[in-house]
Amino acid sequence: MSLCEYTTQKDIRIGSRLLGTLKWGIFAVVLLYMCVILLTEKRYQKKDSIISSVHTKVKGVSDADSRIWDTAEYTIPSPGGSSFFVLTNIIKTENQKEGNCPEFPIPKTICSQDDSCKKGYADPQSNGIQTGKCVQFNSTFKTCEVRAWCPVEFKSTPEPAILGSAENFTVLIKNNIHFAAFNYTTKNILPEYNVTCVYNKATAPLCPIFRLGDILKEAGENFSQVAILGGIMGIEIHWKCNLDRWFHSCHPQYSFRRLDDKVVDERLYPGLNFRFARYYKNQDQTNLRTLIKAYGIRFDIQVYGTGGKFSWFELVMFIGSYLSYFGLATVVIDFLISLYCQSCCSATSGQRYYDERKYEEIPGPCVLTSCQELMFVSFVDQEDIKMVDKKLRKSLQMTIGKIIKRGKMTDNMVLAQLELSSFDGLEELPLYPRSSRKSSAIPSWCQCLKCLPATRFEGQLCCRYQNGECITNSEMFRKLVLQKQALVHILQYNNPLLNRHSITKKQLAECAQKQYVQWRFGSNMDILDFARIPNCCKHEIDNMFNGETCETSLEHADKETKMQSTSAPSSKPLLKQPPL
Ligand code: ZN
Ligand code: ZN
C-alpha cells in the first residue's frame with residue numbers, strides 16, 4: 001500500500017425507473033426527517049446544563065388557635081435554600097414535667113394488671129420507660145405507667161387543620177441561573193417585575209410570587225386536606241434557553257406536583273410531621289417544656305434545564321451522523337433486488353443475467369484452518385474450474401475442491417486465434433494416438449493415459465476428469481500451445497521491440513504454459529497465477545521446447561514466414577516431436 005494510492009468502490013448502475021424513484025424517495029424522506037430533527041431538537045446547538053441557586057421568602061399572617069401566627073412562627077427555613085416548610089397543623093402539649101404517669105392508650109400499652117407491664121421496658125413508639133405498674137388512664141382504660149415527660153402527648157390530630165388559612169400565604173422564589181459554557185447568567189425576576197403580582201399559569205406565568213393554595217391546586221391537591229397531616233410538594237422550574245442571537249429566549253416555566261405518596265397506609269406515617277419542644281423553668285426551678293408536634297407542607301424547589309447556542313461543530317457532527325441514514329436506500333433496494341433474485345435457481349434469463357452481472361462469486365477463504373497453497377484445476381471434460389485450497393493428502397487429481405465458473409477468453413487468446421488463421425495449414429502437426437505404453441507404467445490418477453508418474457501430489461494431475469482422449473492429442477492444443485510461430489507473435493505482441501532471435505527456449509516454454517492456462521481457465525485473471533497445468537501437457541511443452549535449441553527452431557520459423565509470403569504454405573512439419 002502506497003501513500004500515493006487511493007481506493008474507491010466500483011458501483012453498478014442499474015437502469016430502472018422503479019428503483020431510481022425508490023432511491024430518491026428514500027433520500028427525500030431521510031432529508032426531511034433530518035431537517036425536522038435538526039430544527040425541532042435544535043441539534044445545531046451546543047448544549048450546557050444549568051447551575052442554579054434558589055432563595056425563598058414566605059409571607060403571610062394568620063389568626064388561628066386564638067393567637068396570631070406570623071412568619072417567625074409558621075415557617076422553618078431550610079439551610080439548603082431550595083426548600084421551605086410551612087406549618088399547617090399542631091398538637092401542643094403544655095407544661096410537661098419529668099415524672100411518672102400513665103401511657104397513652106394504644107393496644108400495646110393497655111393493661112389490666114401489673115403483670116402486663118414490664119419494669120424498665122421501653123417500646124420505640126412509647127413516650128417513656130415502663131415502671132411495671134398498671135394504672136388508670138381514664139374511666140375506660142388502664143395503661144402501663146411510664147417514667148416520662150408528663151402528661152404524655154394526646155395522639156389525635158386536630159381536624160380541620162389549625163393553620164388551614166396558610167393557603168393564602170405567598171412565597172417569593174428567587175432563582176439565579178448560570179450556563180458556564182456560554183458564560184451566561186440570568187434570573188427569574190425580570191426587570192419589569194411587579195411586587196404585587198401573583199403567579200397564574202394563564203395570566204401571569206412569569207410572576208415569581210406564588211400563593212400556597214394555588215400551588216396545591218395546580219398539582220391537583222386540596223390545601224385544607226393536605227394541611228391536616230402535611231405533605232411534600234415539588235415546585236419545578238424548567239429553563240429552556242435558546243441563546244442564539246437571532247432567536248434569543250430564556251424564561252422559566254413553573255410546574256407543580258406532589259412528591260410524597262398521598263395514598264399510604266395509616267401505619268406508614270402519612271404526611272409530614274416532626275416534634276420540637278420549648279423549655280422553661282418554673283418558679284420552683286423545675287424544668288418544664290411545651291411539646292409541639294408540627295404538621296406542615298414542605299416545598300422542594302427543583303431547577304433543571306438546558307441552554308443551547310449555535311455551534312458549527314455540533315452542526316457538522318449532526319450532519320455526519322445522519323449521512324449514514326442515506327445508506328438506508330441501498331439497504332432497502334439491495335434487499336428488494338435480493339428478493340427478486342431469490343428464485344434464481346428456477347430463474348428467468350433476465351434474473352440470471354442480472355445475478356451474473358451483479359454478483360461475482362468467489363469461494364470463501366479457509367479462515368479457520370491454516371491456509372495452504374491455492375490451486376486451480378481445469379479438466380477438458382468439465383465445464384467449470386476446480387479450486388483446491390487445502391493441504392494435499394492425495395493426488396491433486398483426486399482431491400475434492402470447490403467449483404468456480406470459467407471466465408471468457410482474453411485478448412491474447414483472440415490474438416492467438418487470429419494468428420492461427422494466418423498460419424493455418426502452415427504447420428501440420430500430427431495428431432498422436434493415445435499412449436500405447438504398458439498400463440502398469442500409467443499412474444492410477446491418469447485418465448488420459450499420457451501422464452507420467454509424479455512423486456509430488458501437486459504434480460499428480462491429469463487433463464481429464466474421466467477416462468478419455470488426452471487434450472495434447474487435440475489439434476487445438478498443438479495450434480494454441482505448441483505452435484512456435486504463434487508463441488513468437490504473442491511474445492512480440494506483448495513486447496513489440498523483442499528481437500525474435502533472442503527469444504530463449506525458456507521464454508517459449510513459459511509462453512506456451514501461459515497460452516495453455518489462458519485457454520483453459522479463461523479470463524479470471526486472479527486464477528491464472530494459481531492455475532495448475534496437467535502432467536501430460538507439461539511434459540508435452542517441456543519436450544517441445546527443451547528438446548531442441550531455440551536458434552534452430554527460430555530459423556525454421558523465419559524460413560516458414562518467408563515461404564508463406566512468397567509461395568504456398570509448406571507441408572513440412574515444423575515440430576518433429578515424437579509421440580510419447
Ligand atoms: Zn493423464
Ligand atoms: Zn492428458
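Order of appearance sets the numbers: ligands from 1, and atoms from 1 within every ligand.
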Taking NZ, NE, NH1 and NH2 as the nitrogens, is one of them in Glu540 or Arg478 under 4.0 Å from a carboxylate oxygen of the other? yes

Near the Zn ion (ligand 2), which protein N/O/S atoms are found at less than 2.8 Å? Cys448 SG, Cys463 SG, Cys470 SG, Cys536 SG

Can you give me every donor-acceptor pair (side chain of residues 313-326, partner residue at least two apart or in another chain, under 3.5 Å) with its distance?
| unit_1 | atom_1 | unit_2 | atom_2 | d |
| --- | --- | --- | --- | --- |
| Ser321 | OG | Met317 | O | 3.4 |
| Ser321 | OG | Phe318 | O | 2.8 |
| Ser324 | OG | Ser321 | O | 3.0 |

Go through the steps for Asn175 and Trp239 under the test side chain to side chain donor-acceptor pair (under 3.5 Å), then give the verdict. CA-CA 11 Å; Asn175 180 207; Trp239 291 84; 2.9 Å; yes

For Lys201, check salt bridge (Lys or Arg N to Asp or Glu O under 4.0 Å) against everything at least two apart and list the hits. none

Can we say the SG-SG distance for Cys470 and Cys448 is below 2.5 Å? no

Which pairs with one or both residues in residues 452-466 pass side-chain hydrogen bond (donor to acceptor under 3.5 Å, both in side chains), sequence neighbours excluded? Arg456-Glu458, Glu458-Arg532

